[in-house]
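Heavy-atom basis, side chains included; hydrogens, waters and symmetry copies ignored.
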Amino acid sequence: QVQLVESGGGLVQAGGSLRLSCAASGRTFSSGSMGWFRQAPGKEREFVAAITWSGFSTDYADSVKGRFTISRDNAKNTVYLQMNSLKPEDTAVFYCAARLGVGILRGSVTYDYWGRGTQVTVSS
């Protein structure tokens, strides 16, 4: 069993920054990948970014490339999402997810465990 707990969400003005954290417990990850997804009201959940536990590979949605950075601290079993230059359209509930399989994939169905989400609201 794996538990994922997100933190770091909040209210920020456009142009501001937030750092989300996702702490994993219940097992030690030595392979697979971790991803961030988001879901805005009335919209489907969408891929934001992912990173392998080795840290060698990352992937970003085009909408956040150059503004968001995903990173991990294996010693803490924690993944981070640094979000800069935030826009009102970034407003959503952000979810952390863990994928046990090899490689980075963007499909939410390929992820095995999910956190409960943290709200990010960007005001204009």
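- Of the listed residues (N74, T78, V79), just one forms a side chain to side chain contact (heavy atoms under 4.5 Å, CB included) with K76, and that residue is T78.
- In this view, F94 satisfies the ring pair (Phe, Tyr, Trp, His ring centres under 6.0 Å) rule with no residue, not counting sequence neighbours.
- Residue pairs that meet the salt bridge (Lys or Arg N to Asp or Glu O under 4.0 Å) test with at least one member in residues 100-112, sequence neighbours left out, are D59-R106.
- With sequence neighbours excluded, no residue satisfies side chain to side chain donor-acceptor pair (under 3.5 Å) with S21.
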Could you tabulate the donor-acceptor pairs under 3.5 Å formed by side-chain atoms of residues 2-18, not counting sequence neighbours?
residue, atom, partner, partner atom, Å
Q3, OE1, S25, OG, 3.3
E6, OE1, R116, N, 3.1
E6, OE1, G117, N, 2.9
E6, OE2, C96, N, 2.8
E6, OE2, G117, N, 3.2
S17, OG, N84, OD1, 2.9

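- In terms of the side chain to side chain donor-acceptor pair (under 3.5 Å) criterion, K87 has no residue partners (sequence neighbours excluded).
- Grouping Ile, Leu, Val, Met, Phe, Trp and Tyr residues whose side-chain heavy atoms lie under 4.5 Å apart, directly or via other members, leaves I104 alone, with no other cluster members.
- Between C22 and Y80 the shortest side-chain heavy-atom distance does not fall below 4.5 Å.
- Remark: F47 engages F37 in a ring pair (Phe, Tyr, Trp, His ring centres under 6.0 Å) (not counting sequence neighbours).
- With sequence neighbours left out, the side chain to side chain donor-acceptor pair (under 3.5 Å) criterion links T58 to no other residue.
- Legend: residues meeting side chain to side chain donor-acceptor pair (under 3.5 Å) with S85, ordered by chain and number and at least two apart, are absent.
- Applying the salt bridge (Lys or Arg N to Asp or Glu O under 4.0 Å) test to every pair with at least one member in residues 37-56, sequence neighbours left out, gives these pairs: R38-E46, R38-D90.
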